[in-house]
Amino acid sequence: MNDANALAVSHGLEHIRQILLDESPDALEKKTKERREGLPELPNATTGKVVLRFAPNPNGPLSLGHARGVVINTEFARMYDGEVILRFDDTDAVVKPPDPEAYALIEEDFTWLAGRAPDRILRASERMEVYLEYAAKALTENHAYVCECTGDAFKEFRISMSECPCRSRSTENNMALWSQMNDGAILPGGAVIRIKTDMSLSNPALRDWPALRIQHADHPMVADRYKVWPLLDFQSAVEDHLQGVTHIVRGKDLMDSTRKQTLLYEKFGWNYPETLYWGRVKVFEFGGFSTSQMKLDIAAGQYTGWNDPRLPTIRALRRRGYDAGAMRKFWIDLGLTQKDISVPMSTLNSLNAKAVDAEAPRLSFVRNPRSINLDISEIELTKVTLPIHPEHPEKGVREWPLEEGTINVKIDRDDFSTHEPKRLKDFADIGIHHEKTVKGWTGEVIRTERHGNTPIIHWLPSNMAQPAVLLLEEEGELVAAAGLLEVNDYSDGTVVQLERMGFAILEGVEADGARRLVQLHS
RNA sequence: GCUCGCGUGGUGUAGCUCGGCCCAUCAUGGUGGGUUUUCAUCCCGCUGACUCGGGUUCGAAUCCCGACGCGAGCACCA
């Protein structure tokens, strides 16, 4: 190599190229660094044998943050023709109690986002017998012990790297206490099961970590049948093994959890799944995603419900008309880095606009209508013809019939306030008399052909206008903006583009008959 | 305090395993222009980054050491 470099200096690179060409041409073939598309490869993955899981706490529907877990896991499953388990980790009825309705909501959110149902659905609360059995196994095999210390007391042992006296309890004694825990004889806080690791481990988080604790609260699914409940590290570890999970992809805040669980796996002689992590994500507009906080805010009346358009829940986004494919691409593009990142909604919106634009029919919506009587006696037209989609003429046209003489048109108050001539889109240049007459505001057509660059505004003839409200967020407030929508027969759920305003979805009809739309994004 | 992880343009991201193809990819944003009877979509141009300091090497975004910064865990939450 040194010789080669010396040669390069003395004879030039071209000289070396010639030598290589003569002696071993394949050395010149460049191994091109290709840009990787999508997710990276899963380590030790065999097509058809991959099992992944998504394990939320069912205390509310899924948020945009959870979407990452759903998308990444289902995408890996798609890449390797594997399975995804939806597992409800509902083992805490006290701090973050399960919401009985959340199970169905989450399943629905998952299916919408993944485009398919989960391959298996599990509820930890229905698997309690299994977990308790493994806890007993850990105790009898001396891998765990009943610890009666308070949290604070144990903290001292953890910091000083010394063993708690409970640790040396005999197996018989452990089993007796275990029975009392399960009987309800020992009250919450009175005892906890700890896994025997090693108190001299350099990572304090791993020192004799707690695996199960006592909770006497009424669990919404299984009531008070169980007194002892596993903590995440134990429940998840046991279940992942039993379900044959091959790969775990989760937040990096769970890195120590992996290490704790690996220690348990070693005791049981199991092999821990391959584990990948992602970092923390914030979306500028929403900050973090706290389901419990949203729940409180909804209860306090700050939001109308889980699908309030201001909320970052999947159902709120879905209600607004976001495309599941765009949301998937959004998370796949962010990838699997362990960096803590903060992304703006505009990135998602950009992907989403590309996804919905081609299919969104154009409609006119006049938000703050001002009525003008327009003299059209000088023109011959009997109707205005507008494309349903400017780039897809095959989708057909919209036709607005025009009466003879004078027609009544609606334009936005903001457009009215400027005095220059303006062009009613796809119709004509008009002049407005800004003096109110007994017949109201009046105006006249200047010409119908396009001439110059008269500012174009959107409008509606009153015979094509129906009352409507557009739900949108303005400065954190949910505003129901009243206006007039072009008469149409699109069904609810259709994403439309309101010309000059942005995308919206048709949602239903108000009590007073007005058509309701929800703004998607601009 | 202990332990772990992460630092590439405004925001994300590829490249890092195995140093040369990297005066660094793609997207988004910003900006200028084109198409367009929408402030949409589409197209084109411009913009802008390897945290810092050492070391190894002919050669470092890539390997090593250190510093600094950010984040997480050390819960009877998930």
Side-chain angles (χ1 to χ4, degrees), chain A residues 1-2 4-6 8-9 30-37 40 55-59 89-92 94-97 124 147 149-151 154-155 158-159 161 188-194 201-207 209-215 228-229 231-233 235-236 250-260 277 279-281 284 291-292 329-330 333-335 337-344 346-351 353-354 356-358 360 362 364 386-387 389-392 423-429 449-450 453-454 456-458 497-503 522:
Chain A
M1 183 53 72
N2 284 339
N5 281 311
V9 174
K30 289 188 177 180
K31 39 173 184 174
T32 43
K33 281 182 186 173
E34 294 209 350
R35 178 180 158 73
R36 206 194 69 230
E37 285 291 333
N57 174 2
N59 64 341
D89 281 353
D90 54 350
T91 54
D92 169 31
V94 175
V95 184
K96 290 179 187 168
C147 179
C149 301
T150 62
F154 191 84
K155 194 173 184 177
R158 183 166 48 232
I159 293 169
M161 297 168 84
V192 61
I193 304 295
R194 292 187 180 280
L201 253 22
S202 60
N203 184 346
L206 310 184
R207 298 172 195 157
W209 53 271
L212 299 95
R213 82 315 206 181
I214 301 168
Q215 282 197 343
V228 183
W229 287 84
L231 287 153
L232 166 91
D233 293 319
Q235 177 270 132
S236 180
R250 58 182 172 193
K252 69 170 182 179
D253 50 315
L254 262 16
M255 274 183 170
D256 278 348
S257 189
T258 297
R259 297 183 183 104
K260 289 184 213 175
Y277 306 94
R280 291 175 67 82
V281 183
F284 289 155
T291 305
S292 356
K329 183 163 170 45
F330 173 74
D333 283 355
L334 289 191
T337 59
Q338 292 180 32
K339 290 198 297 196
D340 302 319
I341 57 174
S342 188
V343 291
S346 59
T347 304
L348 208 206
N349 291 348
S350 169
L351 291 172
K354 287 171 175 53
V356 301
D357 182 78
R362 270 48 176 173
S364 187
L386 312 90
H389 192 297
E391 295 197 345
H392 297 281
R423 182 164 187 85
L424 302 186
K425 189 171 178 300
D426 293 301
F427 177 44
D429 289 357
E449 71 277 14
R450 184 79 171 120
N453 52 358
T454 319
I456 294 162
I457 65 170
H458 61 288
Q497 191 196 91
L498 305 178
E499 287 173 324
R500 292 181 77 222
M501 297 187 65
F503 297 97
S522 51

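Reminder, nothing fancy here: chain letters follow the sequence lines and each chain counts from 1. Everything numeric in this text was worked out from a predicted model, so none of it was measured.
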[N] - base-pair partner by Watson-Crick or wobble geometry, distances under 3.5 Å:
| N | value |
| --- | --- |
| B:rU51 | B:rA67 |
| B:rG73 | B:rC2 |
| B:rA40 | none |
| B:rG20 | B:rC58 |
| B:rC46 | B:rG30 |

For atom P, what is the distance between B:rG69 and B:rG33, given to the nearest Å?
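44 Å, rounded to whole Å.
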
Between B:rC42 and B:rU51, how far apart are the two P atoms, rounded to whole Å?
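Pairwise P distance, B:rC42 against B:rU51, rounds to 32 Å.
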
Please state whether the phosphate of [N], meaning OP1 or OP2, lies under 4.0 angstrom from any side-chain nitrogen or oxygen of [X].
| X | N | answer |
| --- | --- | --- |
| A:T337 | B:rU13 | yes |
| A:R213 | B:rA78 | yes |
| A:K354 | B:rA40 | no |
| A:S346 | B:rU11 | no |
| A:R280 | B:rC70 | no |
| A:K260 | B:rG73 | no |

Distance-only donor-acceptor test (3.5 Å): side chain [X], base [N]:
| X | N | answer |
| --- | --- | --- |
| A:K96 | B:rC77 | yes |
| A:R450 | B:rU37 | no |
| A:Q497 | B:rU38 | yes |
| A:R362 | B:rU38 | yes |

Look at all strands and tell whether [X] reaches a base, only sugar-phosphate, or nothing, counting heavy atoms closer than 4.0 Å.
| X | result |
| --- | --- |
| A:D333 | sugar-phosphate |
| A:S364 | nothing |
| A:P390 | base |

Between B:rG73, B:rC77, B:rA40, which nucleotide gets closest to the side-chain atoms of A:D92?
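Taking heavy atoms from C-beta onward, the closest nucleotide is B:rC77.
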
Take the protein atom CD1 of A:I159 and the nucleotide atom P of B:rG73, then report the distance between them rounded to whole Å.
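After rounding, the reported distance stands at 17 Å.
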
Can you check the A:N453 CG to B:rU36 P distance for me, whole Å?
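Answer to the nearest Å: 14 Å.
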
Hey, what do you get for CD1 (A:I341) to CG (A:L334), rounding to the nearest 0.5 Å?
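If we round to the nearest 0.5 Å, A:I341:CD1 and A:L334:CG are 4.5 Å apart.
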
